[in-house]
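So the structure is just underneath, and the comments pick up after that.
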Amino acid sequence: TEVDISQNAGEPEGNMWYIKAGIRTRLSSLGHTVFYGEYSENEDKFRTQLFDAGVTNTNLEFYGIGVVQEIDAAAMSLWLKYRHHELDLGLADGTNPSIEDVDMVLGGAVIFFCSV
């Protein structure tokens with residue numbers, strides 16, 4: 001399926017960057033533990049429908065930290081992370097609505113299956 005990503009007249013071009021760095025160490029006999037931090041900034045990366053509704057610019061930033069515990073015997077990883085999101089919008093009428101920041105704590109697990 002092809003997607004047309006052409007812009008409407010006056011619609012801003014978007015920019016995005018993301019960085020994630022961490023350290024992997026063995027703290028227990030379970031397996032490696034990974035500690036990481038991340039940061040992202042997205043400028044004017046929004047759908048055409050928002051532009052059509054009067055949004056002229058956006059700035060979305062997030063930063064977070066996380067930990068992953070690998071469990072070698074189960075081919076499993078457990079993870080927990082925290083993220084803080086901030087969004088700024090500019091509207092065609094010149095206003096900038098106040099949008100509350102969002103804090104999230106997320107966790108989960110993944111088991112890796114392998115067939116031979």
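Taken together through direct or relayed side-chain contacts under 4.5 Å among Ile, Leu, Val, Met, Phe, Trp and Tyr, I71 and L27 form parts of separate hydrophobic clusters. One hydrophobic cluster holds both V67 and V105 under the rule that ILVMFWY side chains link at heavy-atom gaps under 4.5 Å. Connection of I65 to F62 is not established within any shared hydrophobic cluster, with ILVMFWY side chains joined at heavy-atom distances below 4.5 Å, either directly or through further cluster members. Side-chain heavy atoms closer than 4.5 Å link hydrophobic residues (I, L, V, M, F, W, Y) into clusters, and following such links, possibly through other members, connects M76 to F113. Linking ILVMFWY residues whenever their side-chain heavy atoms come closer than 4.5 Å, directly or via other members, places L60 and L91 in the same cluster.
A distance of 10.5 Å separates NE2 of H85 from CG of D101, quoted to the nearest 0.5 Å. Here the CD atom belonging to E41 is positioned 10.0 Å from the CD atom belonging to E86, to the nearest 0.5 angstrom. The structure places CZ of R83 at 8.0 Å from OG of S40, a figure rounded to the nearest 0.5 Å.
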I'd like a table of donor-acceptor pairs (distance under 3.5 Å, sequence neighbours excluded) in which one partner is a side-chain atom from residues 28-35, with atom names and distances.
| from | atom 1 | to | atom 2 | distance (Å) |
| --- | --- | --- | --- | --- |
| S28 | OG | L30 | N | 3.2 |
| H32 | ND1 | R24 | NH2 | 3.1 |
| T33 | OG1 | Q69 | OE1 | 2.6 |

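When all heavy atoms of A74 and I111 are compared, the pair lying nearest together is O-CG2, 4.0 Å. The shortest heavy-atom contact between Y82 and D103 is OH-OD1, 2.6 Å. V68 and Y36 make their closest contact through CG2-CE2, 4.2 Å (heavy atoms, listed as atom of the first residue, atom of the second, distance).
Contacts of I99 classified as side chain to side chain contact (heavy atoms under 4.5 Å, CB included), with partners at least two apart in sequence or in another chain: L87, L89.
Between the side chains of E38 and Y18, at least one donor-acceptor pair of N or O atoms lies under 3.5 Å. A donor-acceptor contact closer than 3.5 angstrom links the side chains of E61 and Y39.
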Exercise. Show the numbers, then the answer: is there a side-chain contact (heavy atoms from CB on, under 4.5 Å) between W17 and N42?
Key: CA-CA 7 Å; W17 63 275; N42 298 275; over 6 Å; no
